[in-house]
Amino acid sequence: MKFNVAAAAASAAFLVGGVSADDQKVLKDETNTVAESASKSAPEVPTFTPTKLKAPFLEQFTDDWEERWKPSHAKKDTKGSDEEWAYVGEWSVEEPEVYKGMEGDKGLVVKNAAAHHAISAKFPKKIDPKGKPLVVQYEVKLQNGLECGGAYMKLLRDTKALHQDEFSNTTPYVIMFGPDKCGHTNKVHFIFNHKNPKTGEYEEKHLSGAPPAKIVKTTELYTLIVHPNNTFIIEQNGEKLKEGSLLEDFTPSVNPPKEIDDPKDTKPDDWVDEARIPDPDAKKPDDWDEDAPYEIVDEEATQPEDWLVDEPVTIPDPEAQKPEDWDDEEDGDWIAPTVPNPKCAEVSGCGPWTKPMKKNPDYKGKWSAPYIDNPAYKGPWSPRQIKNPDYFEDKHPANFEPMGAIGFEIWTMQNNILFDNIYVGHSVEDAKKLAEETFFKKHPVEKALEEADKPKVEDKPKSPSDLKFLDDPKTYIQEKLDLFLTIAKKDPFEAIKFVPEIAGGLAALFVTALALIFGLVGLGSSAVPAAKKVAAEGKEKGKEAKDKASSAAATGADTAKEATKRTTRSQS
């Protein structure tokens with residue numbers, strides 16, 4: 001936004017009786033300085049250049065992306081539900097609309113809200129992570145935030161039945177990784193499917209204590225690194241979020257227990273698992289009175305000396321009055337409402353006195369036998385342990401099964417989720433290099449744009465007198481006018497004395513304020529000649545306003561003195 005010097009000069013002329021050439025120069029210099037500062041602070045937007053890095057799979061959504069990615073229109077399996085869901089969500093490859101951090105950098109975008117989306121891309125050849133590190137990295141940009149939906153990806157198992165047209169929620173996958181949020185659920189998923197070597201069945205293993213996702217509109221970089229020694233690291237924007245072990249930090253655990261409860265073992269009928277029992281030999285004492293009351297009258301209590309026996313606790317409200325529309329024949333005799341007797345508040349009490357109750361020292365309540373350790377106690381029962389017939393030990397769960405494709409199969413209430421710069425391979429260093437070429441170049445730009453988008457809290461002076469015209473002409477005029485009107489409501493003469501520059505120029509203020517407002521939008525250099533004319537006229541009007549204000553102030557002062565005299569005489 002450019003500042004219009006001409007309009008500012010015209011406004012200044014009205015308020016201060018003309019703007020000197022020096023003032024105009026200062027104002028223009030400050031305006032140019034602000035403009036230059038804003039230009040320097042604006043981040044430089046880098047231009048996207050496709051990487052030269054190689055990987056088993058690396059996707060930057062260049063112009064040939066449709067050769068690899070195909071949307072699915074399969075029906076979603078709802079497991080017996082009568083409802084049928086189809087993957088009708090549309091996809092597009094485009095540059096971001098929110099906080100664009102790199103010129104020409106396109107990503108895969110979810111186009112529909114409240115819809116099921118599925119799209120996948122086959123790997124040039126299967127990726128077998130056996131004995132190698134597995135690195136999965138991609139960018140997520142939640143341009144409309146995320147209230148309910150997923151932004152995770154799946155690495156699909158390499159099978160002959162892997163058809164992109166039929167990709168759905170039932171397509172076998174090896175790893176699911178990425179953010180997911182709905183309601184109170186907010187996590188970065190890491191789930192892997194593990195094959196039971198004895199039964200051949202697959203079971204999902206979910207990361208325990210999954211870290212929360214960061215829901216922002218800037219690009220976020222998610223990285224998963226799984227080492228051959230079964231350790232893993234999850235990073236966000238290059239910073240570690242979570243680390244652990246595939247053997248220790250997943251539910252259910254990879255390996256089943258060696259022993260299990262014998263399903264055929266049952267607790268014997270004579271098993272005693274009560275640790276304490278009522279003492280069978282205990283008897284109620286002869287002097288135990290179960291009927292003794294909990295409280296009895298305190299016979300030793302005496303009436304306090306200041307107790308007012310003849311004073312009622314409440315009295316008719318002495319301030320109450322019968323309503324004017326009260327009709328004794330229809331409404332009956334009017335009776336004033338009662339209020340607490342004020343005399344009772346100053347003494348121990350009022351009205352008839354009775355002895356208070358006190359706790360009965362002989363009260364014991366119902367008798368019950370005390371508890372003792374059970375001599376027959378055998379401890380808590382548990383079934384005997386037997387060898388787990390389904391036991392196996394997989395010492396290398398990091399040897400995931402070969403993967404043949406990557407897919408996004410999500411449902412979301414927010415559209416415009418953007419995915420970009422996907423890396424699936426075995427090199428931690430190459431994944432970092434890719435991030436340096438892409439994410440770490442555009443992320444600072446996006447953060448700067450996000451910061452600039454935040455509403456700024458303006459530093460306002462403590463009072464109108466602290467504000468100078470050259471600091472903020474528009475606010476200066478508004479503050480002076482507000483002050484004048486506030487004082488004028490109570491005493492017009494005081495308003496004239498305190499704010500004389502407003503008294504003679506309310507009409508001109510409206511015109512010049514409009515000029516200032518339009519000037520802030522920027523009317524261009526063509527307004528400068530007109531500004532000189534307006535400034536000259538404003539200077540003359542300002543001089544007239546000052547003269548009128550001075551005269552009005554003097555008249556007001558004299559009037560005030562005369563009013564004071566009259567008031568003093570009338571009181572004497």
Peer 1: Given 3.5 Å as the limit, does a donor-acceptor pair link the side chain of Thr231 with the main chain of His227, or not?
Peer 2: no
Peer 1: Looking at Asp128 and Phe400, what are the two nearest heavy atoms and their distance?
Peer 2: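 Looking at all heavy atoms of both residues, the shortest contact is OD1-O, 4.1 Å.
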Peer 1: Measure the shortest side-chain to side-chain distance between Asn193 and Val174 over non-hydrogen atoms and say whether it is less than 4.5 angstrom.
Peer 2: no
Peer 1: Using 30° and 60° as the class boundaries, would you call the ring planes of His189 and Tyr152 parallel, tilted or perpendicular?
Peer 2: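 The arrangement is perpendicular - the two ring planes meet at more than 60°.
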Peer 1: Looking at CD of Glu239 and CG of Leu221, how far apart are the two atoms once the value is rounded to the nearest 0.5 Å?
Peer 2: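 Interatomic distance, Glu239 CD to Leu221 CG, rounded to 0.5 Å: 11.0 Å.
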Peer 1: Check this for me: Tyr371, atom OH, are more than 12 non-hydrogen atoms of other residues, nucleotides or ligands nearer than 6.0 Å?
Peer 2: no
Peer 1: Taking the side chain as every heavy atom from C-beta outward, state whether Leu246 and Phe192 have any pair of such atoms under 4.5 Å apart.
Peer 2: yes
Peer 1: Which pair of heavy atoms, one from Gly183 and one from Lys181, lies closest together, and at what distance?
Peer 2: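 Heavy atoms of Gly183 and Lys181 come nearest at O-NZ, 3.6 Å.
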Peer 1: Measure the shortest side-chain to side-chain distance between Pro197 and Asp394 over non-hydrogen atoms and say whether it is less than 4.5 angstrom.
Peer 2: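 Contact flag for Pro197/Asp394 side chains = no.
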Peer 1: Could you tell me whether the side chain of Asp64 and the main chain of Glu67 form a donor-acceptor pair under 3.5 Å?
Peer 2: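 No: the side chain of Asp64 does not pair with the backbone of Glu67.
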Peer 1: Nearest 0.5 Å, what's the CD-NZ distance between Glu401 and Lys126?
Peer 2: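 It is 10.5 Å, given to the nearest 0.5 Å.
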Peer 1: Begin with the C-alpha distance, continue with both residues' side-chain angles, and end with the deciding distance and a verdict on side chain to side chain donor-acceptor pair (under 3.5 Å) for Gln385 and Asp261.
Peer 2: CA-CA 5 Å; Gln385 297 291 290; Asp261 293 343; 2.4 Å; yes
Peer 1: Looking at Tyr202, does the NZ or CZ of Arg157 lie under 6.0 angstrom from its six-membered ring centre and within 45 degrees of the ring axis?
Peer 2: yes
Peer 1: With side chains defined as the heavy atoms from C-beta onward, is the minimum distance between Phe419 and Val140 less than 4.5 Å?
Peer 2: yes
Peer 1: Do the side chain of Glu450 and the main chain of Thr218 share a donor and acceptor less than 3.5 angstrom apart?
Peer 2: no
Peer 1: Please report the closest heavy-atom contact between Val445 and Pro46, naming both atoms and the distance.
Peer 2: CG2-CD, 3.9 Å
Peer 1: Minimum heavy-atom separation for Gln143 and Asn416, please, with both atom names.
Peer 2: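 Taking Gln143 first and Asn416 second, the nearest heavy atoms are NE2-O, 3.1 Å.
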Peer 1: Give a yes or no on whether Lys214 atom NZ has more than 12 heavy-atom contacts from other residues, nucleotides or ligands under 6.0 Å away.
Peer 2: no
Peer 1: When rounded to the nearest 0.5 angstrom, what is the spacing between NZ in Lys258 and CD1 in Ile386?
Peer 2: 16.0 Å
Peer 1: Got a salt bridge between Asp273 and Lys267, using NZ or NE/NH1/NH2 to carboxylate O under 4.0 Å?
Peer 2: yes
Peer 1: Run the numbers on Tyr138 and Glu59 for side chain to side chain donor-acceptor pair (under 3.5 Å), then give the verdict.
Peer 2: CA-CA 9 Å; Tyr138 73 118; Glu59 181 61 76; over 6 Å; no
Peer 1: Are any of the side-chain heavy atoms of Phe48 and Glu95 separated by less than 4.5 Å?
Peer 2: no
Peer 1: Using distance alone, with no hydrogens and no angle criterion, decide if Glu139 and Asn421 have a side-chain donor and acceptor under 3.5 Å apart.
Peer 2: yes
Peer 1: How far apart are the closest heavy atoms of Val135 and His426, and which atoms are they?
Peer 2: CG2-C, 4.1 Å
Peer 1: Could you tell me whether the side chain of Ser72 and the main chain of Phe167 form a donor-acceptor pair under 3.5 Å?
Peer 2: yes
Peer 1: Ignoring hydrogens, what is the shortest heavy-atom contact between Thr251 and Ser208? Give both atom names and the distance.
Peer 2: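 Looking at all heavy atoms of both residues, the closest pair is OG1-OG, 2.8 Å.
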Peer 1: Check step by step if side-chain contact (heavy atoms from CB on, under 4.5 Å) holds for Leu156 and Phe123.
Peer 2: CA-CA 10 Å; Leu156 309 179; Phe123 297 149; over 6 Å; no
Peer 1: Provide the full list of salt bridge (charged side-chain N to carboxylate O under 4.0 Å, His left out) pairs with a residue in residues 187-204, sequence neighbours left out, each pair given once.
Peer 2: Glu203-Lys205
Peer 1: Rounded to the nearest 0.5 Å, how far apart are CG of Leu418 and CG of Asn144?
Peer 2: 11.5 Å
Peer 1: Is there a side-chain contact between Tyr423 and Thr51 (heavy atoms, below 4.5 Å)?
Peer 2: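 Counting from C-beta outward, Tyr423 and Thr51 never come under 4.5 Å.
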Peer 1: Can Tyr173 and Ile191 be said to form a side-chain contact (heavy atoms from CB on, under 4.5 Å), step by step?
Peer 2: CA-CA 10 Å; Tyr173 72 89; Ile191 305 171; 3.5 Å; yes
Peer 1: Determine whether more than 12 heavy atoms belonging to other residues, nucleotides or ligands lie under 6.0 Å from atom NZ of Lys125.
Peer 2: no
Peer 1: Is there a donor-acceptor contact under 3.5 Å from the side chain of Asp265 to the main chain of Arg384?
Peer 2: yes
Peer 1: Examine distances only and state if a side-chain atom of Glu393 and a backbone atom of Asn255 form a donor-acceptor pair shorter than 3.5 Å.
Peer 2: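 A pair under 3.5 Å: no.
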Peer 1: Can you tell me how far apart CZ (Phe439) and NZ (Lys141) are? Round to the nearest 0.5 Å.
Peer 2: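 Phe439 atom CZ to Lys141 atom NZ measures 10.0 Å (nearest 0.5 Å).
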Peer 1: Would you confirm whether the ring centroid of Phe232 sits within less than 6.0 angstrom of the ring centroid of Phe250?
Peer 2: yes
Peer 1: For the pair Trp411 (side chain) and Cys148 (backbone), establish whether a donor and an acceptor sit closer than 3.5 Å, ignoring hydrogens and angles.
Peer 2: no
Peer 1: I'd like to know whether Glu220 forms a side chain to side chain donor-acceptor pair (under 3.5 Å) with Gln236, so could you lay out the CA-CA distance, the side-chain angles of the two residues, the decisive distance to 0.1 Å, and finally the verdict.
Peer 2: CA-CA 7 Å; Glu220 297 297 296; Gln236 185 170 5; 3.0 Å; yes
Peer 1: Are Leu207 and Asp249 side-chain neighbours, meaning at least one heavy-atom pair lies under 4.5 Å?
Peer 2: yes
Peer 1: Could you please spell out the steps behind the side-chain contact (heavy atoms from CB on, under 4.5 Å) verdict for Gln414 and Leu142?
Peer 2: CA-CA 8 Å; Gln414 279 70 46; Leu142 307 171; over 6 Å; no
Peer 1: Report the relative orientation of the aromatic rings in Phe177 and Tyr222; use parallel for angles under 30°, tilted for 30 to 60°, perpendicular for over 60°.
Peer 2: perpendicular
Peer 1: Check whether any side-chain heavy atom of Glu451 lies under 4.5 Å from a side-chain heavy atom of Lys454, and answer yes or no.
Peer 2: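 Side chain of Glu451 against side chain of Lys454, heavy atoms only: contact under 4.5 Å found.
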Peer 1: Any donor and acceptor pair, going by atom type alone, linking the side chain of Glu446 with main-chain N or O of Val98 inside 3.5 Å?
Peer 2: no
Peer 1: Return the CG to CG distance between Leu247 and Asn230, rounded to the nearest 0.5 Å.
Peer 2: 4.5 Å
Peer 1: Please list, one pair per line, the donor and acceptor atoms closer than 3.5 Å that link side chains of residues 102-122 to other protein atoms, with sequence neighbours excluded.
Peer 2:
unit_1 : atom_1 : unit_2 : atom_2 : d
Glu103 : OE2    : Lys100 : NZ     : 2.9
Asp105 : OD2    : Lys442 : NZ     : 2.5
Lys111 : NZ     : Glu94  : OE1    : 3.4
Lys111 : NZ     : Glu94  : OE2    : 3.2
Asn112 : OD1    : Glu90  : N      : 2.4
His116 : ND1    : Lys76  : NZ     : 3.4
His117 : ND1    : Ala115 : O      : 3.2
Lys122 : NZ     : Leu162 : O      : 3.1

Peer 1: Under the criterion side-chain contact (heavy atoms from CB on, under 4.5 Å), I'd like the reasoning laid out for Arg68 against Thr62: C-alpha separation, chi angles, the key distance, then a yes or no.
Peer 2: CA-CA 11 Å; Arg68 297 175 295 278; Thr62 48; 3.8 Å; yes
